[in-house]
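Heads up: the structure comes next, in structure tokens.
Worth knowing before you read on, the calculation uses all heavy atoms, side chains too, and leaves out hydrogens, waters and symmetry mates.
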Amino acid sequence: MVANSSLLIRNAHILLPNGDFMNGDVQIQEGTIVQVIDAHNADTPPPVSTNEAVREIDAQGLTLLPGVIDPQVHFREPGLEHKEDLFTASSACAKGGVTSFLEMPNTKPLTTTQATLDSKLQLAAQKALVNYGFFIGATPEVLPDLLEANPTPGIKIFMGSMHGPLLNDQEEGLEKIFAYGDRLIAVHAENQARITERRQQFAGITDPAVHSQIQDNLAALQATQLALKLSKKYQRRLHILHMSTAEEADLLRQEKPAWVTAEVTPQHLLLNTSAYETIGTLAQMNPPLRSPHDNEVLWQALLDGVIDFIATDHAPHTLEEKAQTYPNSPSGMPGVETSLPLMLTQAKQGRCTVAQVANWMSTAVAKAYRIPKKGAIAPGYDADLVLVDLDTYRPVLREELQTKCKWSPFEGWSLTGFPVVTIVGGQVVYDRGTINAEVRGKALRFDA
């Protein structure tokens, strides 16, 4: 589909790059923001006139934010399309205000070469309604493509919670990856040796709550300590994925170099081990849910800038798969449709500000992954935008979800800040309940 040549958003409550809000209009041409117009400033020039037909969106009563960049998702294609695929996942993104995503390499085949990366990029060009990027996965054998494949946001290392070729749980092998090249390394930080030992210790227990004991706080801390040590030794850009424990937050508060970043998921902020009692294996994920104390410490670390941004770790499984008895039940949960309203609801409740949410879910992600022209509402930036309603509360309903798995751990939660309109590259991809399936996103760039 050819992008709308001109789009005008009128009467919006606009988040500016400095964190302030302004009532006004935003003019978009050929997918780029060309003007942000203050409705109350008589000196502000009117929208630039064009010869083309201009589509207008009346945003009265709505807040305009930069589109969400979700930096950690598992969209299951190729090879696991019964759980999710790039079309259903990107439809869920559009409904959730997510205009760009970074996807992980544990598909079938694994994304470990230029050829498998190219294959994913081709699939996304055909099917993805929003913008996309794909990590390249590290195996114990350091393949040449790990350093050379492009475009990619970085190298993904599974230090634990993985089996097969993507498991890198030996320090010697990890050091080889950290020692060569300069592209960002993103780690799933859990100590596989400790997990294996504790799995044997707790063998035979079918209560899914034991998952948080098997993959305990110490398993996460030990792996993060090792990744941080190697990052410091080689001054290598490191990103710690889905940080889940108070101990890791305290470690980074004391020892985080300028080239290290970290993220947290909404579920590790808002859910804890009590969720096993209410939703059972739907609460099972890696790293696991933790204690209320961990929730509080992670929140403070996010507010203080120790944790840099938010990701969902969207990792869907079917309800049939999730219904299996632990430990046969798989770990992972969907999240792209609920992440923005979850965080905006927290802002409305006074835990943070709307501007902080936008920074954590867009601006800071673009900065960390060096994605140009994303994450702000300003002339020259890409028109990846979301209009949200911060006044209306409604529940998360299973039947309204776009994700193929059709469930959410937050089902029934009453939230505000649901997207009303989502715009990708100047194209309206979601409008008041309707997905425009003709829109296609673009491959993201990652500046060196």
Donor-acceptor side-chain pairing of [X] and [Y] below 3.5 angstrom:
X	Y	result
Gln215	Ser161	yes
Tyr276	Ser212	yes
Thr261	His239	yes
Ser291	Asp294	yes
His74	Glu103	no
Glu148	Gln114	no
Thr116	Thr113	yes
His314	Glu84	yes
Gln192	Asp169	no

Handout entry: Residue from Glu321, Gln284, Met285 passing side-chain contact (heavy atoms from CB on, under 4.5 Å) with Pro330
Key = Glu321

Handout entry: Side chain to side chain, Glu190 and Ile195, heavy atoms closer than 4.5 Å
Key = yes

Practice task
Side-chain contact test, heavy atoms from C-beta onward, threshold under 4.5 Å: evaluate it for Asp85 versus Lys404 and give yes or no.
Solution key: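 They are in side-chain contact.
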
Show which side-chain atoms of residues 413-421 pair as donor or acceptor with protein atoms under 3.5 Å away, not counting sequence neighbours.
unit_1: Thr416; atom_1: OG1; unit_2: Asp389; atom_2: O; d: 3.3
unit_1: Thr416; atom_1: OG1; unit_2: Leu390; atom_2: O; d: 3.3
unit_1: Thr416; atom_1: OG1; unit_2: Thr392; atom_2: O; d: 2.9

Mind checking salt bridge (charged side-chain N to carboxylate O under 4.0 Å, His left out) for [X] and listing every partner two or more places apart, or none if nothing turns up?
X	answer
Glu277	none
Lys442	none
Arg445	Asp447

Practice task
Under the side-chain hydrogen bond (donor to acceptor under 3.5 Å, both in side chains) rule, what do His268 and Asp313 come out as? Steps first, then yes or no, please.
Solution key: CA-CA 11 Å; His268 285 118; Asp313 193 21; over 6 Å; no

Practice task
For side-chain hydrogen bond (donor to acceptor under 3.5 Å, both in side chains), just list the numbers for His317 and Lys83, CA-CA rounded to whole Å, side-chain angles, deciding distance to a tenth of an Å, and then say yes or no.
Solution key: CA-CA 5 Å; His317 301 281; Lys83 302 175 190 280; 2.9 Å; yes

Exercise for the section: May I ask you to check whether over 12 heavy atoms, not counting those of Gln349, lie within 6.0 Å of atom CD? Expected result: yes

Practice task
Assess whether atom NZ of Lys232 is packed by more than 12 heavy atoms of other residues, nucleotides or ligands within 6.0 Å.
Solution key: yes

Practice task
Name the orientation class of the two ring planes belonging to Phe101 and Tyr132 (parallel below 30°, tilted from 30 to 60°, perpendicular beyond 60°).
Solution key: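 Phe101 and Tyr132: tilted rings.
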
Problem - Lys374 vs Asp384, salt bridge (charged side-chain N to carboxylate O under 4.0 Å, His left out): CA-CA, chis, key distance, verdict - result: CA-CA 7 Å; Lys374 305 287 187 190; Asp384 296 335; 2.5 Å; yes

Using atom types as modelled, flag every donor-acceptor pair under 3.5 Å from a side chain in residues 243-250 to any protein atom, sequence neighbours excluded.
unit_1: Ser244; atom_1: OG; unit_2: Arg290; atom_2: NE; d: 3.1
unit_1: Ser244; atom_1: OG; unit_2: Arg290; atom_2: NH2; d: 3.3
unit_1: Thr245; atom_1: OG1; unit_2: Glu248; atom_2: N; d: 3.0
unit_1: Thr245; atom_1: OG1; unit_2: Glu248; atom_2: OE1; d: 2.8
unit_1: Glu247; atom_1: OE1; unit_2: Asn217; atom_2: ND2; d: 2.9
unit_1: Glu248; atom_1: OE1; unit_2: Ser244; atom_2: N; d: 3.4
unit_1: Glu248; atom_1: OE1; unit_2: Thr245; atom_2: N; d: 3.2
unit_1: Glu248; atom_1: OE2; unit_2: Thr224; atom_2: OG1; d: 2.6

Practice task
Any pair with a residue in residues 204-221 that passes salt bridge (charged side-chain N to carboxylate O under 4.0 Å, His left out), sequence neighbours left out, goes on the list, sorted by first then second residue, please.
Solution key: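 Sorted pair list: Arg194-Asp216, Arg198-Asp216.
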
Exercise for the section: Would you check, one step at a time, whether the test salt bridge (charged side-chain N to carboxylate O under 4.0 Å, His left out) holds for Glu399 with Lys406? Expected result: CA-CA 7 Å; Glu399 57 269 23; Lys406 293 293 182 184; over 6 Å; no

